[in-house]
Participant: 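Questions regarding the structure given below will be posed in turn.
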Amino acid sequence: MPTLRIVTWNINSVRLRLPLLADLVRDLAPDVICLQETKCPDALFPHEGVEALGFPHRAVRGMKGYNGTAILSRLPFSVRADDPDWCARGDCRHLGADLAVPGGLELHNFYVPAGGDVPDREANPKFAHKLDFIAEATAWNAARGPARRAMMLGDLNIAPLESDVWSHRQLLDVVSHTPVEVAALEGWQRAGAWHDAIRHFVPPPEKIYTWWSYRARDWEASDRGRRLDHIWVSQDLAAGLRDWRVHRAARNWTQTSDHVPVLVELDV
DNA sequence: ATGGTTGCGGAGCAA
């Protein structure tokens, strides 16, 4: 029974931050890295640099300027070909893989739309897109039944719990923590019977954040963070969870992302 | 209440 270390990171430009990927590999020793916001067309992906870090197996789904996902792996895997094109946009927000481990392991890397600034689906098309995206993913999970030997991770752009934000009261009207978004994310989680792998180790009310705005004068002193990045596992994998890490130190790396890497180690 | 920063791409949009 192999033990895997799997990381999710919204890298916010894979070309700009390729050197930081080396720091991530040094610090976390991952077997699989799932990236979001690579902002890189597939033809321009820095394959050589990633190969040199020890990741011979890669899949990328990128576009010019925005979005983009990638899976970098020490183990072989195949890209899942029949997963949906969410909201029929072809906007590179999901990459599914079947990892070559005994018994198989499904891995879904998501970049959920951020949703703009106004939490109103009529006034703000970006917020409508966010809710529609999650509704489609929820229906997909519901149709497939409870997940088995599967992981679901990525930048979901929602902080569901009061202890996932620096101030529940002050963020109730802020996109990422509104009740309608929280209900949508909880519905998605329920539809797939997903188990929150980070809250498995750190139950509420302990605070956990994975994102701090670039706009803060001193992100560390103000510590106004949100837990936007998540790792969920199917119920049959929950007993295999071994370790976790939110790599807060990465927020102080030179020219870093506003998100930090999140790691889970588990027996699969 | 407002404004604050970053990346892409080379202005303005998205976050």
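In what follows, chains are A, B, ... by sequence order, proteins preceding strands, each numbered from 1.
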Participant: Using the C1' atom in both, what is the distance from dT6(B) to dG10(B), to the nearest Å?
Facilitator: 16 Å
Participant: Mind calculating the distance between CZ (R224(A)) and C1' (dG4(B)) to the nearest angstrom?
Facilitator: 12 Å
Participant: W211(A) ring centre to R227(A) NZ or CZ under 6.0 Å, with the angle to the axis within 45°?
Facilitator: no
Participant: What's the gap between dG4(B) and dA15(B) when it is taken at their C1' atoms, as a whole Å value?
Facilitator: 14 Å
Participant: Between W140(A) and R144(A), is there a cation-pi geometry (under 6.0 Å to ring centre, at most 45° from the normal)?
Facilitator: yes
Participant: Considering only atom P, compute the distance from dG9(B) to dA14(B) and round it to an integer number of Å.
Facilitator: 14 Å
Participant: Distance check needed: dT5(B) C1' versus N12(A) CG, whole Å only.
Facilitator: 11 Å
Participant: Between M63(A) (CE) and dC8(B) (C1'), how many Å, whole number?
Facilitator: 12 Å
Participant: With side chain to side chain contact (heavy atoms under 4.5 Å, CB included) as the test, would you mind laying out the steps for I158(A) and H230(A) before giving the verdict?
Facilitator: CA-CA 9 Å; I158(A) 295 174; H230(A) 300 270; 5.5 Å; no
Participant: OP1 or OP2 of dG4(B) less than 4.0 angstrom from a side-chain nitrogen or oxygen of S213(A), does that happen here?
Facilitator: no
Participant: Can you classify the ring geometry of F201(A) versus W244(A) as parallel (below 30°), tilted (30 to 60°) or perpendicular (above 60°)?
Facilitator: parallel
Participant: Give the rounded distance in Å between these two atoms: CD1 of I11(A) and P of dT6(B).
Facilitator: 17 Å
Participant: Just do the side chain to side chain contact (heavy atoms under 4.5 Å, CB included) check on R58(A) and E51(A) with the steps written out, would you?
Facilitator: CA-CA 9 Å; R58(A) 300 177 295 276; E51(A) 170 95 34; 3.0 Å; yes
Participant: Going by an N to O cut-off under 4.0 Å, is there a salt bridge joining E265(A) and R5(A)?
Facilitator: yes
Participant: Could you state the CH2-C1' distance from W212(A) to dT6(B), rounded to the nearest angstrom?
Facilitator: 17 Å
Participant: At 4.0 Å (heavy atoms only), tell me whether R17(A) reaches a base, stays on the sugar-phosphate, or touches nothing.
Facilitator: sugar-phosphate
Participant: Could you state the CD-P distance from Q170(A) to dA1(B), rounded to the nearest angstrom?
Facilitator: 11 Å
Participant: Can a salt bridge be assigned to the pair D164(A) and R226(A) using a cut-off of 4.0 Å between side-chain N and carboxylate O?
Facilitator: no
Participant: Any chance you could list the contact pattern along nucleotides 9-15 of chain B? Use B for base contacts, S for sugar-phosphate-only contacts and - for none, protein heavy atoms under 4.0 Å, 5' to 3'.
Facilitator: S----SB
